[in-house]
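Below is one structure, written out as structure tokens; the observations come after it.
Sequential numbering from 1 along the given sequence is applied to the chain's residues. No hydrogens, no waters, no symmetry mates; every other heavy atom, side chains included, goes into these values. Because the structure is predicted, anything quoted here is derived from the model rather than measured.
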Amino acid sequence: MKVLVLGGTAFAGPALVDEALARGWEVTVFNRGSNPDPPGVRSLHGDRLAPEGLAALERGEWDLVVDTWSWAPTAVRDTARLLAGRAGRYAYVSSRSVYRFPSPAGADESAPLVEGDPDAGQTEYAADKRGAELAVEREFGAERSLLVRCGLLLGPYEMVGRLPWWLRRIARGGEVVAPGPVELPLQYLDIRDLAAWTLNAAAEGLHGPYDLVSPPGASTMGELLEHCRAVTGSDATFRWLTPEEIEAADIEPWTELPVWLPPGPLHAAMHGSDVSRALATGLTVRPVAETVRDTWAWLATLPPDTRLGGQRSPVGLPVEKEARALAG
């Protein structure tokens with residue numbers, strides 16, 4: 001297989017590149033060139049939002065294009081239009097955010113969708129992802145388009161910083177605010193399992209939308225934090241707070257306490273989806289212990305001052321705010 005990965009240097013991109021290379025596929029990556037390109041690939045550079053930014057893609061043929069773009073749908077539209085006659089299939093790494101929020105527990109690919117415009121510039125995340133989906137289907141046709149709607153992604157290369165924040169915080173030790181209940185079920189997916197399924201599905205000719213995340217309850221909040229404590233060798237102790245205590249402390253779910261949402265409609269939407277369609281096509285989910293272990297090992301390869309999260313998705317509980325919650 002000849003595969004073109006649009007991106008390839010951050011978050012899901014490196015996992016897709018690693019998986020394709022491990023299969024012996026011929027891999028081309030296209031990106032701005034602001035990060036080092038992975039070894040073993042052919043590198044093309046350009047800015048998808050700049051005039052003539054796609055010039056490097058004007059020649060070449062590929063069996064598969066995999067696109068992880070998350071901003072203006074026009075960038076996906078223009079790229080897909082340029083490649084439609086020279087690429088076999090287009091897999092777009094989308095998000096379950098394209099469903100009207102909050103989706104009810106048990107929702108699947110038939111749930112109502114947000115509005116999206118394939119010809120729009122950047123607006124907001126959900127609409128941008130949906131607009132990009134529509135752009136792919138318009139340019140490649142439904143039979144050649146694979147829409148990979150991801151849930152919570154964890155694992156090595158997770159630049160949002162959710163699991164990395166928990167690992168680093170627990171590694172510091174001391175008393176840690178832990179959001180309860182302990183047995184709160186989680187739905188997540190290791191980025192490497194996303195990569196493996198996406199390449200398998202594309203090679204097999206699957207098309208249309210697939211929700212990609214673990215079955216509900218693949219892990220719990222308690223298990224996740226215990227694995228973090230074990231892999232870091234930390235002496236941290238957990239102060240399990242109820243959702244009511246967390247709300248009273250003015251702590252934000254999901255952002256200040258990454259991964260966690262209190263029981264209720266928001267939790268059901270994020271951690272209660274029906275993924276039977278993807279499971280029936282071979283989706284495998286590795287144990288959370290493996291994801292935690294390998295993420296910690298990946299963090300050890302980064303410079304100590306590497307800041308994850310960025311302006312788009314700042315995550316983590318400020319030290320002062322945690323101290324106030326523990327004192328209360």
Side-chain angles (χ1 to χ4, degrees), residues 2-17 20 27-35 37-38 41-98 113-142 144-150 153 157 159-160 191 194-195 198 202 207-209 212 310-313:
K2 295 176 63 177
V3 59
L4 170 64
V5 178
L6 301 173
T9 62
F11 207 9
L16 288 158
V17 169
V27 181
T28 302
V29 297
F30 174 83
N31 51 57
R32 288 189 299 269
S34 53
N35 294 318
D37 288 315
V41 306
R42 177 188 178 213
S43 299
L44 301 175
H45 294 149
D47 185 341
R48 297 173 72 173
L49 296 178
E52 308 301 322
L54 298 176
L57 293 177
E58 290 178 353
R59 293 176 299 277
E61 296 182 357
W62 294 271
D63 301 302
L64 170 65
V65 179
V66 184
D67 191 352
T68 62
W69 184 262
S70 296
W71 295 277
T74 51
V76 176
R77 177 202 65 191
D78 295 344
T79 309
R81 182 174 295 167
L82 180 64
L83 297 171
R86 294 180 287 115
R89 313 188 72 79
Y90 202 114
Y92 179 63
V93 179
S94 187
S95 168
R96 292 189 64 252
S97 296
V98 299
L113 298 164
V114 301
E115 295 294 325
D117 181 356
D119 301 312
Q122 183 175 351
T123 56
E124 56 91 22
Y125 182 75
D128 289 348
K129 280 292 192 183
R130 180 58 184 150
E133 289 185 350
L134 293 169
V136 171
E137 289 190 319
R138 186 174 70 185
E139 303 302 331
F140 267 72
R144 294 198 294 149
S145 302
L146 178 65
L147 307 179
V148 186
R149 292 175 178 165
C150 302
L153 293 177
Y157 310 122
M159 300 302 291
V160 177
I191 296 172
L194 158 74
T198 299
H207 60 273
L212 223 65
Q311 295 181 352
R312 185 182 182 111
S313 302

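- Just one of Ser94, Ser95, Ser145 meets the side-chain hydrogen bond (donor to acceptor under 3.5 Å, both in side chains) condition when paired with Glu133; it is Ser94.
- A pairwise comparison of heavy atoms in Leu194 and Leu153 identifies CD2-CD1, 4.0 Å as the closest pair.
- Put simply, the side chain of Tyr92 reaches to within 4.5 Å of the side chain of Val76, judged on heavy atoms.
- Here the side chains of Arg77 and Leu134 are not in contact, with every heavy-atom distance at 4.5 Å or above.
- Taking the side chain as every heavy atom from C-beta outward, Glu115 and Arg130 never approach each other to under 4.5 Å.
- Annotation: the span from Arg96 atom CZ to Arg149 atom CZ amounts to 10.0 Å, rounded to 0.5 Å.
- Side chain of Glu124 to main chain of Ala127: a donor-acceptor pair is present (N/O by atom type, distance under 3.5 Å, no hydrogens or angles).
- Between Leu57 and Leu4 the shortest side-chain heavy-atom distance falls below 4.5 Å.
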Quiz prompt | From CA spacing to verdict: side chain to side chain contact (heavy atoms under 4.5 Å, CB included), Asp67, Arg48 | solution = CA-CA 12 Å; Asp67 191 352; Arg48 297 173 72 173; 2.9 Å; yes

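- Taken from CG in Leu212 to CG in Leu147, the straight-line distance is 12.0 Å, to the nearest 0.5 Å.
- In this structure, the side chains of Asp63 and Arg89 stay at 4.5 Å or more apart for every pair of heavy atoms.
- Partner of Ser43 under the side-chain hydrogen bond (donor to acceptor under 3.5 Å, both in side chains) criterion, chosen from Asn31, Thr9, Thr28, Asp37: Asp37.
- Minimum heavy-atom separation, Val3 to Ala20: CG1-CB, 4.0 Å.
- Taking the side chain as every heavy atom from C-beta outward, Arg32 and Leu49 never approach each other to under 4.5 Å.
- Residues Ser97 and Ala126 share a closest heavy-atom pair of O-CB, 3.2 Å.
- To the nearest 0.5 Å, atom OG1 of residue Thr68 and atom CG of residue Leu16 are 7.5 Å apart.
- Pairs engaging residues 42-64 under the ring-ring contact (aromatic ring centres under 6.0 Å, His included) rule: none recorded [sequence neighbours left out].
- What you find for Pro73 and Gly131 is that their closest heavy atoms are CB-C, 3.7 Å.
- Taking the side chain as every heavy atom from C-beta outward, Leu6 and Tyr90 approach each other to under 4.5 Å.
- Across every non-hydrogen atom of Lys129 and Val93, the tightest pair is NZ-O, 2.7 Å.
- At distances below 3.5 Å, at least one donor-acceptor pair connects side-chain atoms of Arg144 with backbone N or O atoms of Gly88.
- Taking 4.5 Å as the limit, every side-chain heavy atom of Thr79 sits out of range of all side-chain heavy atoms of Val65.
- Taking CZ from Arg138 and CZ from Arg81, the interatomic distance works out to 5.5 Å, rounded to the nearest 0.5 Å.
- Summarising the geometry, atom CG belonging to Leu146 is positioned 12.0 Å from atom CZ belonging to Phe140; distances are rounded to the nearest 0.5 Å.
- Across every non-hydrogen atom of Ala72 and Asp128, the tightest pair is N-OD2, 4.5 Å.
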